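Being a predicted model, the structure only gives us computed values, none of them experimental. Values below: every heavy atom of this structure, side chains too, minus hydrogens, waters and symmetry copies.
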Amino acid sequence: MLDAKTIIVVAADQGLRRSVAFALEVEGYYTESYDSVQKAEASCREALCAIVDDDILRSEPQAAAQFLSNRGGRAILLVDGLSALQRRVDYATLTKPFTGADLLGVINSLVVAAK
């Protein structure tokens, strides 16, 4: 069962999904990982937030844009330094490569904003 300690990770790259999930689980969060937004949609409703790799935006542009906008500010988009994506207020962004501390900082800012 999902709760406010669960974070959804959506990335096409299995290694990235595993790395992000591991970093979060070490900090006490529960994670669920998916390789597409369609698979993640149902699980994400009760989660603390969703972390979405920008490769998903390129492979599933409409579905991913809708998925992010439905999160109500509870989403983090992982982007590379060359990404042409515009930053939006709907979600936070984190530039790859990032550290576990960077990721936790963004998650903590979402938690504070939600209070």
Which heavy atom in Ala92 sits nearest to a heavy atom in Val106, and how many Å separate them? CB-CG1, 3.7 Å
Distance col, row Phe98:CZ vs Thr93:OG1, nearest 0.5 angstrom, shows 12.0 Å
Taking only residues two or more places apart in sequence, or in another chain, which ones meet Asn70 in a side-chain hydrogen bond (donor to acceptor under 3.5 Å, both in side chains)? Gln66
Val9 pairs by side-chain contact (heavy atoms from CB on, under 4.5 Å) with which of Cys49, Ser33, Ser19? Ser33
Between Glu32 and Tyr34, do the side chains contain an N or O donor and an N or O acceptor separated by less than 3.5 Å? yes
Using the side-chain contact (heavy atoms from CB on, under 4.5 Å) rule, take Ile56 and Val37 through it: C-alpha gap first, then chi angles, then the decisive distance, then the call. CA-CA 8 Å; Ile56 294 291; Val37 291; 3.7 Å; yes
Straight-line distance of Asp13 CG to Leu78 CG, nearest 0.5 Å: 11.0 Å
List the atom of Ala75, the atom of Tyr91, and the distance in Å for their closest heavy-atom pair. O-CB, 3.3 Å
Please enumerate all residues that pass salt bridge (Lys or Arg N to Asp or Glu O under 4.0 Å) together with Glu41, with sequence neighbours excluded. Arg71
So, using side chain to side chain contact (heavy atoms under 4.5 Å, CB included) as the criterion, who are the partners of Ala23 when residues are at least two apart? none
Verify side-chain contact (heavy atoms from CB on, under 4.5 Å) between Leu57 and Leu68, making sure each step is shown before the conclusion. CA-CA 10 Å; Leu57 279 182; Leu68 287 168; 4.0 Å; yes
Enter the distance from Ile7:CD1 to Leu48:CG here, rounded to the nearest 0.5 Å. 5.0 Å
Does Leu24 form a side-chain contact (heavy atoms from CB on, under 4.5 Å) with Tyr30? I'd like the steps, not just the answer. CA-CA 7 Å; Leu24 295 171; Tyr30 301 104; over 6 Å; no
Taking only Lys NZ, Arg NE, NH1 and NH2, and the carboxylate oxygens of Asp or Glu, determine whether Arg17 and Asp53 approach each other closer than 4.0 Å. no
Interatomic distance, Asp55 atom CG to Asp80 atom CG [nearest 0.5 angstrom]: 7.5 Å
Across all chains, not counting sequence neighbours, the side chain to side chain contact (heavy atoms under 4.5 Å, CB included) partners of Gln62 are none
Check step by step if side-chain contact (heavy atoms from CB on, under 4.5 Å) holds for Leu103 and Leu94. CA-CA 7 Å; Leu103 180 59; Leu94 184 59; 3.8 Å; yes
Does the side chain of Phe67 come within less than 4.5 Å of Val52's, by heavy atoms? yes
Please find the pair of heavy atoms, one from Leu16 and one from Ala11, that lie closest to each other, and give the distance. CD2-CB, 4.0 Å
Identify the heavy atoms of Ala47 and Ile8 that sit nearest to each other, and give their distance. CB-CG1, 3.7 Å
State, yes or no, whether a side-chain contact exists between Leu110 and Ile76 at a heavy-atom distance under 4.5 Å. yes
Going by salt bridge (Lys or Arg N to Asp or Glu O under 4.0 Å), name the residues that satisfy it together with Lys39, two or more places apart in sequence or in a different chain. Asp35
Results of side-chain hydrogen bond (donor to acceptor under 3.5 Å, both in side chains) for Thr31 - residues two or more places apart only: Glu25
Considering residues at least two apart in sequence or located in another chain, which fulfil the side-chain hydrogen bond (donor to acceptor under 3.5 Å, both in side chains) criterion with Gln38? Glu60
For residues 100-109, pull every pair meeting salt bridge (Lys or Arg N to Asp or Glu O under 4.0 Å), keeping only residues two or more places apart or in separate chains. none
